[in-house]
Amino acid sequence: QHYSSFLPPLLPLNRRPTRWRTLMASTPTVAAPNKDNNNSKIVVIMGATGTGKSRLSIDLATRFFPSEIINTDKMQVYKGLDITTNKITLHERKSIRHHFLGEFDPEDGELTPSEFRHLADETISDIVSREKTPFLVGGSNSFIYSLLVEEYDPELNVFDGFHSDSVSSNLRYNCCFLWVDASLPVLFDYLNKRVDEMLESGMFEELVEFFNSEKMRNNSLSRAGLLKAIGVPEFEKYFKMYPPGKVKGGGWRDWDRVRRAVYEEAVREIKENTCQLAKRQIGKILKLRDGGWDLRRLDATTTFKMLMKGEDGGDWRRVWEKQVLEPSVKIVKRFLDE
Ligand code: ATP
């Protein structure tokens, strides 16, 4: 009966001290805001899911070496589900050091924006003290906002509602913002294709293992953390009907019509929710721009159109370099030379 409900009820936050909460409490620099960081130059790469932020970050970090990358995707901070959450692979990282990527144990509960603000600020100080440039890369605008503003109020959700009045443009670092964007219909087509590619690279097998893991059977994960990753709630119904490890799996060919339909429905929901996420993320970015953040928009639409047409890899790569990478290099160079 382990599988009667995979998702545990919401646990009160702070029910037990987490590894990073203990870490924060024991770090002497916690109380004092790090004023030295005010003039620190950091490059921030923003954009909806799937727009190519990770690729751009590596392209730039290898050009503006020495630099290190701080992940600002709230799902990729946790250990596990690497394919499902789309973490950049070790090979793709090209030896650039990454922070906050798979570092947090999901059993320790949710990493909140306030905790991220504190821990990432310390990481920035550390990177800067080693005379390297920090690059922030990821799609969680709540993490980006909490980290960058001078005064952060965890009670205030600046992304609520239609207006940008509550967005603060008073930032605690010297930031250069790059926003990778693409027209929504083109991005949606690409995201649907990407979900199929993720499944081909083992996302379903990863979820089978995850749902079959001890932490899932013990209900020891907080609903607020990794369990929110797109792919987990969508496949919950499937795994309730076909519990991993209990039902003899066989291959797709052995599945009956009902099993195939339940699987297809989960995939359809993943595609739909990924597109909705992208739309919401763009809405939040526009709010930050309207609130006074100086975002430099880079249009990757043509790159994605070429990718979708299945054009030769060399061709889309050339368009990416011309329309996204080269302008970004110019912007970052000017910023770092100032
Ligand atoms: P929100 O306040 O809606 O959580 P946010 O800006 O803090 O927004 P987002 O990055 O937009 O954070 O993530 C919102 C939700 O989208 C997550 O809670 C999760 O369900 C899903 N999500 C985000 N990133 C990923 C990812 N890498 N993999 C899977 N799901 C993700």
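Read the numbers this way: they start at 1 and go in the same order the structure lists the ligands and their atoms. Worth knowing before you read on, the calculation uses all heavy atoms, side chains too, and leaves out hydrogens, waters and symmetry mates.
- Under 4.0 Å is where a charged nitrogen must lie from a carboxylate oxygen, and between D315 and R318 at least one such pair does.
- Not counting sequence neighbours, the partners of K132 by the side-chain hydrogen bond (donor to acceptor under 3.5 Å, both in side chains) test are E68.
- The one candidate from I70, D73, L148, L111 that meets the side-chain contact (heavy atoms from CB on, under 4.5 Å) condition with F143 is L111.
- We find that D59 and R317 are joined by a salt bridge, their nearest charged nitrogen and carboxylate oxygen being less than 4.0 Å apart.
- Aromatic ring orientation, F235 versus Y238: perpendicular (interplanar angle above 60°, classes split at 30° and 60°).
- Around ligand 1 you find D73, K74, M75, T84, T85, G139, S140, N141, S142, K228, A229, I230, L277, Q281, K284, each with a heavy-atom distance below 4.0 Å.
- In this structure, R289 fails the cation-pi test against W179, since its NZ or CZ atom is not both closer than 6.0 Å to the six-membered ring centre and inside 45 degrees of the ring normal.
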